[in-house]
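Here's the structure we're looking at; comments come further down.
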Number of protein chains: 2
Amino acid sequence: MQSAVYAAVGQLVGSGQRDTMTIPEVADLAGVNPSSIYRRWGSIETLLGEVAVAALTQGEALPDTGVLDRDLDEWSRIIAADIGRPKRRAYLRAMVFARNDVVEECPCWEIRREQAEEMIRRAVGRGDSAPSVRQVLDHVIAPLYHHAVFGLALDDSYAERLVADVMSMTTSR
Amino acid sequence: MQSAVYAAVGQLVGSGQRDTMTIPEVADLAGVNPSSIYRRWGSIETLLGEVAVAALTQGEALPDTGVLDRDLDEWSRIIAADIGRPKRRAYLRAMVFARNDVVEECPCWEIRREQAEEMIRRAVGRGDSAPSVRQVLDHVIAPLYHHAVFGLALDDSYAERLVADVMSMTTSR
């Protein structure tokens, strides 16, 4: 059922009919019972969040170059290229639009936190200085996603500038 | 006409009927002809962007304490408190949702750029060191707006941490 539902969400986002996405509609396209979707995901918001994480991290291998700033450069360029595509921007917009008020955790944010933790853990293990995980999230991930949903330009050089900025914070910890 | 249209947009956002906001609907509520709105703003996206800027900066005086990091602290706390409110979050979400693909300029971003330029110009005039305008936008404004639309927590301490981080970049320019 999961793959049929994921495919239906992808198809609805891709079709541009973003403002009509409801659980019954997803169910209809996926050929499953709406109550199964309600039971498993609870809301369209939760479903969209989960599909976003699956889509965003699919096939992404975490860079491991032996140097933190090179890892972060590669990682941020992969993310920028991915979330900068029109379909992915549309997807993220649909996801935030489905969200109400304040959430405890955003799945997109949590997956990036785990990835940043892993790269920083490796750097610290090598005895290298590093920014904090929080700084990487606030100063690399947040601006990339901000630019994706607000429709501002996202390219390699933007990603690299953010990484250079966050790496300059290591000296002032 | 402008104030009637602005009020209609505000009312529609406030009513929670976010996914039905169209120019004819705004026109109907404002008691103006839809063609006047099309002529003046061109699209619902442009209209929402303009109302957002007007609402976001209304009555905001730019801090001028004589010290850049205090100016930035105050400024970022005002913005966090403003865009962290549920109605403002809903508004920003409706605005990004109405946006398609990549834009040349985002009005919210441009108004913050002008404000950052002014505070940094004053600091440089006093002979103080300062981060660049781009760094303030990428590392204070982008994370604040990211947290607003993605529904993550936004408070004074978050705003202050961002400012402390960006101020630490001044030494490494």
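Naming convention: chains lettered A, B, ... in sequence-line order (proteins, then strands); numbering from 1 in each chain.
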*What is the minimum heavy-atom distance between V96(B) and V149(A), and which atoms define it?*
CB-O, 3.5 Å
*Contact leader toward chain B among A142(A), A153(A), P143(A), where contacts are heavy-atom pairs under 4.5 Å*: A142(A)
*Mind checking the CE-CZ spacing from M95(B) to R93(A)? Nearest 0.5 Å is all I need.*
9.5 Å
*To the nearest 0.5 Å, what is the distance between OG (S168(A)) and CD (Q135(B))?*
6.5 Å
*Among L162(B), D138(B), V166(B), whose side-chain contact (heavy atoms from CB on, under 4.5 Å) with H139(A) holds?*
L162(B)
*Do W109(B) and F150(A) come close enough that some side-chain heavy atom pair is under 4.5 Å?*
no
*Any link between V124(A) and V133(A) through a network of hydrophobic side chains (Ile, Leu, Val, Met, Phe, Trp, Tyr) touching at under 4.5 Å?*
yes
_What's the separation between atom CG in D165(B) and atom OG in S132(A), rounded to the nearest 0.5 Å?_
7.0 Å
